[in-house]
Trainee: 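Got a structure for you, questions after.
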2 protein chains.
Amino acid sequence: MAKKVPIDFVDERLNQGLAKTGLRFTAQRRHIYNTLLQKRDHPSAEEVFMRAKAEMPELSMATVYNTLDTLVKCGLIRQVTHDRGPTRYCSNLQKHHHFYCNECNGVFDIDVDPETGEPEFHMPPGFTISHWEILFRGVCPECNAKKNGAGSSRS
Amino acid sequence: MAKKVPIDFVDERLNQGLAKTGLRFTAQRRHIYNTLLQKRDHPSAEEVFMRAKAEMPELSMATVYNTLDTLVKCGLIRQVTHDRGPTRYCSNLQKHHHFYCNECNGVFDIDVDPETGEPEFHMPPGFTISHWEILFRGVCPECNAKKNGAGSSRS
DNA sequence: ACTGGATTTGGAATAATTCCAAGTCTTGAC
DNA sequence: GTCAAGACTTGGAATTATTCCAAATCCAGT
Ligand SMILES: [Mn+2]
Ligand SMILES: [Mn+2]
Ligand SMILES: [Zn+2]
Ligand SMILES: [Zn+2]
């Protein structure tokens, strides 16, 4: 049960991510990010807090929320909210989709087919699908118009 | 700005849906369902409450939550939760996908291409996509095993 | 009309997240 | 190295969204 992800790797990734946005590398951010990488299930903020606090007892919930938001903004983790209940976080950056179990509320990664690359995917055996849908994120026409019209120079 | 959806149609649909599960047809359920059908954006429970209460002042928030859950169970509406923040509700039963605007937090229906039927879709002009993913719902292998093994007779 | 169960209601309770102000740490300028 | 400014963390309060609960009401069947 040794660490699966070497800490050097964690540090480098985190550094890269933070650098892009001019944020600092801190002990808390490092520890929380590392915690997320060591067990790639889809923990809630509360779960992350408990796991991380075990090794860093002074850690506060506020910092966990702050850091999770930061990591999402840096593109180092994904936010997963597909049902009522606490938001989950995903540290698997490979392109993948999600399966949500209606019985146990578990979230599972569904990898894309490495051959065909895109929307083709393995559905691991044993899963029963009752519904699926595509979720797009981006900017709607109205907001795009607003941004272009106002001609702001940002992003 | 007359009612777009005739009340007879609403009543019939609701009756059918409720019948399946042996639930009663009530004034509140009718009114809330009708409210949802008249404006097919993706309102939160709070928004549904405000709209519905305008014409039925005694209506309570608890009933709105109860009824929304009921309608979801009956398959008359869909629950839409793709971000932090209040759950939204969708009364469009046509097969469609969702677009979530990162700027205004709006939710938009993305219809499937009527020709090809399935995963092909029109992306209406003006939308900018930054990310998309497929969301599956159903039962995971472990829960399937539990259900089959236990051999209970229910659903 | 009467009864049992379903439904509605207002308010309390809980869960999840956000906000805030005070303390601490880090970085860059001197 | 010292110092100031800004970034970061922290505990707790506040807010938001939802759920829970017990009492009142409604309804269907008898
Ligand atoms: Mn994932
Ligand atoms: Mn919709
Ligand atoms: Zn499951
Ligand atoms: Zn928008």
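Chain letters run A, B, ... following the sequence lines, proteins first and then strands; every chain starts at 1. In what follows, every heavy atom counts, from backbone to side chain, and hydrogens, waters and symmetry copies are set aside.
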Trainee: Could you tell me whether B:Thr87 contacts a base, only the sugar-phosphate backbone, or nothing, with contacts defined as non-hydrogen atoms closer than 4.0 Å?
Mentor: sugar-phosphate

Trainee: In terms of side-chain geometry, is the basic nitrogen of A:Arg78 or B:Glu133 positioned less than 4.0 Å from the acidic oxygen of its partner?
Mentor: yes

Trainee: Side chains of A:Asp109 and A:His42: any donor to acceptor distance under 3.5 Å?
Mentor: yes

Trainee: Can you measure A:Arg29 atom CZ to C:dT26 atom P for me and round it to whole angstrom units?
Mentor: 12 Å

Trainee: Choose from C:dT8, C:dT17, D:dA7 the nucleotide whose nearest atom is closest to any side-chain atom of A:Arg24.
Mentor: D:dA7

Trainee: A:Thr81 or B:Ala62: which one's nearest nucleotide on DNA chain C is closer to the 5' end?
Mentor: B:Ala62

Trainee: Pick the nucleotide of DNA chain D nearest each of A:Ser60 and A:Arg84; which residue has the one closer to the 5' end?
Mentor: A:Ser60

Trainee: Rounded to whole angstrom units, what separation is found between the CE atom of A:Met56 and the C1' atom of D:dG11?
Mentor: 17 Å

Trainee: Starting from C1' on D:dA7, measure out to CZ on A:Phe25 and report it in whole angstrom.
Mentor: 16 Å

Trainee: Counting the atoms with a prime plus P, OP1 and OP2 as sugar-phosphate, which does A:Thr26 contact under 4.0 Å by heavy atoms, base, sugar-phosphate, or nothing?
Mentor: sugar-phosphate

Trainee: Rounded off to whole Å, could you give me the CG-to-P distance for the B:Leu59 and C:dG11 pair?
Mentor: 15 Å

Trainee: Show the atom names and distances, to 0.1 Å, of all donor-acceptor pairs under 3.5 Å that link a side chain in residues 17-27 of chain B to residues at least two apart or in another chain.
Mentor:
| residue | atom | partner | partner atom | Å |
| --- | --- | --- | --- | --- |
| B:Lys20 | NZ | B:Cys74 | O | 3.4 |
| B:Thr21 | OG1 | B:Leu18 | O | 3.2 |
| B:Thr26 | OG1 | B:Arg29 | N | 3.1 |

Trainee: Nearest whole Å is fine: how far is C:dT9 P from B:Met61 CE?
Mentor: 12 Å

Trainee: Could you check how far CG of A:Asp69 sits from C1' of D:dA7, rounded to whole Å?
Mentor: 16 Å

Trainee: Which part of the nucleic acid does B:Glu58 contact within heavy-atom distance under 4.0 Å: base, sugar-phosphate only, or nothing?
Mentor: sugar-phosphate

Trainee: Report the residue (B:Ala27 or A:Asn66) whose heavy-atom-nearest nucleotide on DNA chain C is the more 5′ of the two.
Mentor: B:Ala27

Trainee: If you check every side-chain atom of A:Gln28, which of D:dT10, C:dT9, D:dT19 has the closest atom?
Mentor: D:dT10

Trainee: Between C1' on D:dA28 and CG on B:Leu18, what's the gap in Å once rounded to a whole number?
Mentor: 16 Å

Trainee: D:dT19, D:dA7, C:dT9: which one has an atom nearest the side-chain heavy atoms of B:Tyr65?
Mentor: D:dT19

Trainee: Please confirm whether the backbone N or O of A:Gly138 pairs with a side-chain atom of B:Thr128, one donor and one acceptor, at under 3.5 Å?
Mentor: no

Trainee: Which listed nucleotide (C:dT17, D:dT18, C:dT7) is nearest to the side chain of B:Ala45?
Mentor: D:dT18

Trainee: May I have the distance from B:Met50 (atom CE) to D:dT16 (atom P), rounded to whole angstrom?
Mentor: 13 Å

Trainee: Please tell me whether B:Phe127 and A:Phe136 form a close aromatic pair, meaning their ring centres lie under 6.0 Å apart.
Mentor: no

